[in-house]
Amino acid sequence: MGRLPPEVLEPVAAYFRALSEPTRLHILSLLRQQEHNVGELAQLCDYTAANISRHLSVLKKHGLVAREARGNSVYYRIADPSVNALCDLVCGSILRQIEQSAAQRAAFAALREDLPEPLPDFSRKESS
């Protein structure tokens with residue numbers, strides 16, 4: 001992907017906004033495992049069916065989920081498999097950041113153990 005022309009920036013930003021809400025990410029995570037209807041998703045997410053329907057509407061608008069009517073129910077599934085790859089990339093990146101941060105904390109903790117006396121607490125303000 002090269003430089004994005006100005007006319008595509010808003011649709012790309014809207015796509016990422018659709019993914020920026022935790023409830024929608026939860027819904028996508030559940031749909032990644034299997035398709036569900038609104039009632040099932042509401043129960044699994046612990047939200048009202050109306051709330052889940054609003055989130056599904058946003059996801060459908062951006063082509064992330066597809067719906068299929070079966071009898072009296074409508075079932076939703078992941079429509080764009082690239083959303084799974086995108087979530088894997090983001091989660092992998094966050095995991096690497098956490099691991100790096102944990103390694104840095106461990107290195108500093110080991111350094112602290114090698115010091116001859118406790119470090120002063122510079123976070124407290126001295127009273128005058």
Side-chain angles (χ1 to χ4, degrees):
M1 181 173 90
R3 191 173 136 225
L4 294 175
E7 56 271 12
V8 303
L9 293 176
E10 183 52 40
V12 170
Y15 184 92
F16 281 107
R17 279 193 300 274
L19 294 173
S20 71
E21 211 288 328
T23 302
R24 290 195 281 271
L25 291 175
H26 191 186
I27 291 168
L28 290 171
S29 174
L30 292 167
L31 293 177
R32 188 174 185 165
Q33 297 166 18
Q34 70 183 54
E35 59 184 28
H36 289 284
N37 64 36
V38 173
E40 292 167 345
L41 289 168
Q43 186 175 24
L44 292 167
C45 292
D46 199 26
Y47 287 108
T48 65
N51 191 342
I52 294 298
S53 290
R54 282 192 299 276
H55 287 296
L56 286 166
S57 175
V58 171
L59 293 171
K60 184 170 181 333
K61 175 183 174 183
H62 294 287
L64 297 164
V65 299
R67 56 179 286 188
E68 180 183 337
R70 291 191 209 139
N72 293 333
S73 294
V74 175
Y75 284 83
Y76 290 84
R77 62 177 169 74
I78 299 285
D80 181 0
S82 68
V83 74
N84 294 334
L86 179 60
C87 287
D88 289 345
L89 283 170
V90 171
C91 289
S93 176
I94 292 169
L95 179 59
R96 284 188 298 281
Q97 291 173 24
I98 290 169
E99 289 170 345
Q100 182 180 14
S101 180
Q104 289 171 345
R105 279 194 302 279
F108 275 104
L111 177 64
R112 178 180 284 250
E113 291 172 7
D114 292 340
L115 294 173
E117 57 187 67
L119 293 174
D121 185 359
F122 294 112
S123 65
R124 297 182 185 163
K125 292 184 179 182
E126 292 184 30
S127 56
S128 335

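Values reported hereafter were calculated over all heavy atoms of this structure, with side chains retained and with hydrogens, waters and symmetry mates removed. Positions are given from 1 along the sequence. Note that the structure is a prediction, hence the values are computed from the model and not measured.
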Show every donor-acceptor pair shorter than 3.5 Å between a side-chain atom in residues 53-65 and any protein atom, with sequence neighbours excluded, or say none if there are none.
from  : atom 1 : to    : atom 2 : distance (Å)
Ser53 : OG     : Ala49 : O      : 3.0
His55 : ND1    : Arg24 : NH1    : 3.1
His55 : NE2    : Asn51 : OD1    : 3.0

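- Taking all atoms of both residues into account, the shortest heavy-atom contact from Asn37 to Gly39 is OD1-N, 3.1 Å.
- Sorted by first then second residue, the salt bridge (charged side-chain N to carboxylate O under 4.0 Å, His left out) pairs that include residues 25-34, not counting sequence neighbours, are Arg32-Asp88.
- By the criterion of side-chain heavy atoms lying less than 4.5 angstrom apart, applied directly or through intervening Ile, Leu, Val, Met, Phe, Trp or Tyr residues, Leu89 is not grouped with Val83; the two fall into different hydrophobic clusters.
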Enumerate, atom names and distances included, each donor-acceptor pair closer than 3.5 Å involving a side-chain atom of residues 94-109, sequence neighbours excluded.
from   : atom 1 : to     : atom 2 : distance (Å)
Arg96  : NH1    : Gly92  : O      : 3.2
Ser101 : OG     : Arg105 : NH1    : 2.6

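- Remark: Asp46 CG to Leu41 CG distance equals 13.0 Å, nearest 0.5 Å.
- Atom OH of Tyr75 sits about 10.0 Å away from atom NE2 of His36, to the nearest 0.5 Å.
- Listed by first then second residue, pairs satisfying side chain to side chain donor-acceptor pair (under 3.5 Å) with a partner in residues 6-16 read Glu10-Arg17, not counting sequence neighbours.
- Under the side-chain hydrogen bond (donor to acceptor under 3.5 Å, both in side chains) criterion, Gln43 pairs with no residue, sequence neighbours left out.
- Grouping the Ile, Leu, Val, Met, Phe, Trp and Tyr side chains by contacts below 4.5 angstrom, directly or via other members, places Leu4 apart from Leu19.
- Taking the side chain as every heavy atom from C-beta outward, Val38 and Val74 never approach each other to under 4.5 Å.
- Taking every heavy atom of both residues into account, Ile27 and Cys45 meet most closely at CG1-SG, 4.1 Å.
- Remark: Glu35 pairs with Arg70 by the salt bridge (Lys or Arg N to Asp or Glu O under 4.0 Å) rule, at least two apart or across chains.
- At a threshold of 4.5 Å between non-hydrogen side-chain atoms, the residues Leu30 and Tyr76 do not count as touching.
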